[in-house]
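Counting starts at 1 for both ligands and their atoms, following the listed order. Values in this document were obtained by computation on a predicted structure and should not be read as measured data.
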Amino acid sequence: MLKQIQAVTGTVFAVFLTLHLLNTWLAALGPATYDGVQSVLRTLYQFTPFEAMLLAALVVHVISGLLRICIEPKRELTPRSRWHRISGIFLLLFIGGHITAVRGASWFYDVYPGFEGLAFSISAVPTYFYPYYFLLGVAGLYHGLNGLGIALGRLGFRTGLSTSALVRVTAAGAVLTLLALGGLGGWYYDVGAVQESEFAVLTTRIAAEVFGVSLTP
Ligand code: HEM
């Protein structure tokens, strides 16, 4: 039963994750492409009933995964499933902060991060945000891809990538994530005065007032 719940909730979340990662990779092509696609996608994933279902699926998926680890502590793990668990734990540790940072701003202040918000975070604290976004993208892709194969199998479909295909697709995704970070980091073109964006002004104020941290160079 727990396995079925995990499979259904993971599949629901994978629909969003696929769109989200494809959108993220478009950052390599510049702000207009990234923001243009994101504003269309937002009408879907921020449509309240869908967003509520998405976040509920995420919470139930995490809880069922943790329960399975507790119920089956001695489960034998293959290298592939060990990486599935490692990437899942990484995502678990960072997903709450990610959603609070990027969605909290639009929920509570009506400020959407978009390309300039991401570019600002990278320009403000590059030593944190380059590795953080890179690992988030790669862990999300590996966990989503491997998990979707397992989930669809459990739901009665004949699917699944071979391990070598999984590794190749994840490596290709890692390259695309790196290229996207290059776009956000201003490696190919000028990203403009991102520190003057609404998201930058808001997060700089919150960082200073709540955490006593200065984000200005
Ligand atoms: C390089 C990697 C990533 C970047 C740069 C990134 C960036 C963003 C941005 C900018 C938003 C706000 C979207 C908007 O305003 O429409 C967002 C939202 C979100 N992200 Fe990510 N993300 C990344 C990876 C991930 C991964 C791997 C996951 C999950 C495993 C994830 C889960 C979410 C969720 C759940 C939301 C909130 C969706 C909503 O309710 O509107 N993200 N992300």
Side-chain angles (χ1 to χ4, degrees), residues 9-29 31 33-62 65 84 86-126 128-148 151 170 172-185 191 194 197-200 202-203:
T9 50
T11 304
V12 169
F13 195 77
V15 174
F16 163 78
L17 188 59
T18 304
L19 298 173
H20 192 48
L21 289 178
L22 290 172
N23 186 188
T24 301
W25 294 332
L26 289 178
L29 302 179
T33 312
Y34 177 87
D35 288 336
V37 170
Q38 189 158 83
S39 65
V40 174
L41 293 179
R42 249 185 223 140
T43 58
L44 173 73
Y45 63 72
Q46 291 183 0
F47 174 58
T48 306
F50 187 83
E51 186 172 31
M53 180 182 72
L54 174 73
L55 298 178
L58 179 62
V59 170
V60 174
H61 185 75
V62 167
H84 191 76
I86 292 171
S87 55
I89 291 172
F90 174 83
L91 292 168
L92 172 63
L93 292 177
F94 287 95
I95 196 68
H98 178 61
I99 297 174
T100 308
V102 291
R103 185 63 175 120
S106 48
W107 271 329
F108 301 115
Y109 300 94
D110 207 24
V111 171
Y112 289 82
F115 186 97
E116 57 185 10
L118 295 176
F120 163 70
S121 59
I122 286 178
S123 76
V125 199
Y128 177 78
F129 281 103
Y130 275 123
Y132 163 72
Y133 284 136
F134 179 73
L135 291 174
L136 198 59
V138 175
L141 177 63
Y142 180 88
H143 194 86
L145 212 54
N146 190 43
L148 193 59
T170 306
V175 172
L176 291 174
T177 306
L178 212 52
L179 291 173
L181 291 178
L184 293 164
V191 291
V194 291
S197 66
E198 264 191 298
F199 186 77
L202 176 69
T203 48

So which heavy atom in the protein is nearest atom 27 (C) of ligand 1, and how far is it from that ligand atom?
Leu136 O, 3.2 Å

Show the nearest heavy-atom pair for residues Gly185 and Ile122, with the distance to one decimal.
CA-CG2, 4.2 Å

Which of the numbered atoms in ligand 1 are below 4.0 angstrom from a heavy atom of Leu17?
26 (C), 27 (C), 28 (C), 29 (C), 30 (C)

Near Phe13 (heavy-atom distance under 4.0 Å), the atoms of ligand 1 are 29 (C), 30 (C), 35 (C)

Shortest protein contact, atom 29 (C) of ligand 1 (heavy atom only):
Ile95 CD1, 3.5 Å

Report, in ascending order of atom number, the atoms of ligand 1 lying under 4.0 Å from any heavy atom of Glu51.
39 (C), 40 (O), 41 (O)

So which heavy atom on Ser87 is nearest to which on His143, and how close?
OG-ND1, 3.3 Å

Heavy atom to atom 13 (C) of ligand 1, shortest distance: which of Tyr45, Phe129, Phe115 holds it?
Tyr45

Check if Tyr34 has a non-hydrogen atom at a distance under 4.0 Å from any atom of ligand 1.
yes

Side chains of Phe115 and Leu184: closer than 4.5 Å at any heavy-atom pair?
yes

Provide, to 0.1 Å, the distance between atom 18 (C) of ligand 1 and the closest protein heavy atom, together with that atom's residue and name.
Val102 CG2, 3.4 Å

Considering only the protein, which heavy-atom contact is closest to atom 41 (O) of ligand 1, and what is its distance?
Gln46 NE2, 2.9 Å

Tell me whether Glu198 at atom CD has more than 12 heavy atoms from other residues, nucleotides or ligands lying less than 6.0 Å away.
no

Looking only at side-chain N and O atoms, does Arg42 offer a donor or acceptor that is under 3.5 Å from a partner on Ser39?
no

So, is Tyr112 polar-close to ligand 1, with some N/O to N/O distance under 3.5 Å?
no

re atom 38 (C) of ligand 1, the protein heavy-atom contact at minimum distance is Phe16 CZ, 3.7 Å

Mark up the atoms of ligand 1 that fall under 4.0 Å of a heavy atom belonging to Gly140, in ascending order.
27 (C)

Can you name the nearest heavy-atom pair linking Ala27 to Ala180, along with the distance?
CB-O, 3.9 Å

Could you work out, for atom 37 (C) of ligand 1, the closest of Arg42, His98, Arg103 by heavy-atom distance?
Arg103

Phe120/Phe199 aromatic ring centres below 6.0 Å
no

Are Tyr130 and Phe134 near enough that their ring centres are under 6.0 Å apart?
no

At what distance is the nearest protein heavy atom to atom 25 (C) of ligand 1, and which residue and atom is it?
His20 CD2, 3.5 Å

Which residue owns the protein heavy atom closest to atom 1 (C) of ligand 1, what's the atom, and how far is it?
Tyr133 O, 3.1 Å

Tightest non-hydrogen contact, residues Val12 and Ala57, listed as CG1-CB, 3.9 Å

Should Ser106 be counted as touching ligand 1, given the test is an N or O pair under 3.5 Å?
no

I want to know whether Phe16 and His20 have ring centres closer than 6.0 Å.
yes

Going by the order shown, which atoms of ligand 1 are within less than 4.0 Å of some heavy atom of Ile99?
34 (C), 35 (C)

Using modelled atom types only, decide if a donor and an acceptor are shared between the side chain of Asp35 and the backbone of Gly114 within a distance under 3.5 Å.
no

